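Whatever order the structure lists them in is the order used to number ligands and atoms, beginning at 1. All residue numbers in this chain count up from 1 along the given sequence. Since this is a predicted model, take the numbers as computed values, not measurements.
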Amino acid sequence: MIKKVDHIGIAVTSLEAVLPFYTEVLQLPLLRIEEVESQQVKVAFLQAGETKLELLEPMSQESAVAKFIEKRGAGIHHVALGVESIQQRIAELKEQGIRMIDESPRPGAGGANIAFMHPKAAAGVLFELCEKKDKGDNHNGHL
Ligand code: CMX
C-alpha cells in the first residue's frame, strides 16, 4: 500500500530564519518554495536523499500549522506516505475504521493529491497520504 516516505513536514515560524540551517549547514538542495492557499501555509521543499523535507510556515493564525506551533512549538508536524490510487487507499483505511480528516483527496503542494488521517486514529502521528500526478520528483526550483 505504501511506496515510500514521500516527505516529512516540519512546522517552522519563519522559513527565512531556518532555511540557512537546511541549505548551508545540512547542505540539502532547495527544490522550490510555494504557497498553498487552501492550507494557509508557505512551504519549502528540500531534497534529503530519496525523500524530502517540507518546511511549513503558517500564512495566517487560522492555519493548522499556526495552531500546532502555538500548542506544541515548532518541530516535526507530519509524515507523508507516497501512495498510488489514493481514493482506493482512503476507502481501505475507512473500512478498517480509521478516522480520516479528508474523506476524499484534495490538492496539496506540488500538485499532489493528498488526504490526512486523524492523529487520534494513527497512534498520535499525523499521517498524510500523498499521490503524485507525475511519477518522478523532477522539480526544478522556481523560487
Ligand atoms: N501531530 C500529532 N498530533 C497532532 C497534530 C500533529 N501534527 N496536530 C494536532 N494533534 C493532536 C493534538 O495534540 C490534539 O491532541 P490532544 O487532544 O491529545 O491534545 C488533537 O490532535 C486535536 O488537535 P487540536 O490542537 O485540538 O487541533 P484540531 O483538532 O483543531 O486540528 C488536526 C488537528 C490534525 C485535525 C488539524 O491540524 C488538521 O486538520 N490537520 C491536517 C491539515 C494540515 O495539517 N495542514 C497543514 C499542512 C498541509 C500541507 O502539507 O500542505
Side-chain angles (χ1 to χ4, degrees), residues 1-23 26 28-143:
M1 174 179 174
I2 308 300
K3 294 192 299 177
K4 62 171 187 173
V5 173
D6 183 84
H7 64 266
I8 295 170
I10 299 173
V12 306
T13 48
S14 161
L15 281 180
E16 198 187 353
V18 300
L19 267 175
F21 170 74
Y22 289 93
T23 58
L26 298 182
L28 300 177
L30 177 61
L31 297 171
R32 64 188 193 278
I33 295 177
E34 69 180 278
E35 291 185 355
V36 185
E37 284 286 338
S38 60
Q39 296 292 304
Q40 284 295 292
V41 283
K42 187 171 172 187
V43 305
F45 278 99
L46 299 126
Q47 193 72 47
E50 293 189 354
T51 189
K52 292 183 284 300
L53 301 183
E54 179 189 32
L55 307 181
L56 302 144
E57 178 192 285
M59 288 165 60
S60 74
Q61 280 311 304
E62 280 66 54
S63 158
V65 174
K67 288 180 195 157
F68 175 87
I69 292 174
E70 197 181 302
K71 267 196 162 180
R72 297 185 169 205
I76 293 180
H77 178 260
H78 68 267
V79 176
L81 304 170
V83 298
E84 283 172 1
S85 313
I86 189 167
Q87 191 82 62
Q88 201 180 324
R89 302 284 88 84
I90 294 170
E92 285 165 5
L93 288 165
K94 282 172 68 184
E95 269 169 33
Q96 293 176 81
I98 302 297
R99 180 175 159 203
M100 299 297 298
I101 293 169
D102 304 296
E103 302 221 337
S104 48
R106 61 185 162 96
N113 284 325
I114 65 167
F116 283 92
M117 276 180 244
H118 200 286
K120 292 283 181 197
V125 177
L126 180 59
F127 281 110
E128 173 188 331
L129 302 183
C130 175
E131 180 184 47
K132 292 280 163 65
K133 281 177 188 150
D134 59 353
K135 301 296 174 201
D137 284 325
N138 308 319
H139 302 295
N140 295 315
H142 46 88
L143 306 180

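By the criterion of a heavy-atom distance under 4.0 Å, neither the backbone nor the side chain of Ile114 is placed next to ligand 1. With a heavy-atom cut-off of 4.0 Å, Leu56 touches ligand 1 through its side chain alone.
For atom 21 (O) of ligand 1, the nearest non-hydrogen atom of the protein is Pro119 CG, 3.8 Å. For atom 20 (C) of ligand 1, the nearest protein heavy atom (residue, atom name, distance) is Lys120 CE, 4.0 Å. Taking atom 37 (O) of ligand 1 as the reference point, the nearest protein heavy-atom neighbour is Ala64 CB, 3.5 Å. The protein heavy atom nearest to atom 44 (O) of ligand 1 is His77 CE1, 3.1 Å.
Scored by the side-chain contact (heavy atoms from CB on, under 4.5 Å) test, Asn113 finds Ile86, Pro105, Glu131, Lys133 as partners (sequence neighbours excluded).
In this structure, Gly108 has no heavy atom closer than 4.0 Å to ligand 1.
Residue contact check: Gly124 has heavy atoms under 4.0 Å from atoms 2 (C), 3 (N) of ligand 1.
At a threshold of 4.5 Å between non-hydrogen side-chain atoms, the residues His7 and Glu128 count as touching.
Between Lys71 and ligand 1, a contact under 3.5 Å exists for at least one N or O pair. For ligand 1, the polar-atom distance check against Arg72 finds a nitrogen or oxygen pair separated by under 3.5 Å. The shortest N/O to N/O separation between His7 and ligand 1 does not fall below 3.5 Å.
When the options Ile101, Val79, Val65, Asp102 are ranked by their closest heavy atom to atom 38 (C) of ligand 1, first place goes to Ile101.
Salt-bridge check for Glu70 with Lys67: failed, with every basic side-chain N at 4.0 Å or more from each acidic carboxylate O.
Smallest separation of non-hydrogen atoms from Gly110 and Arg32: CA-NH2, 3.2 Å.
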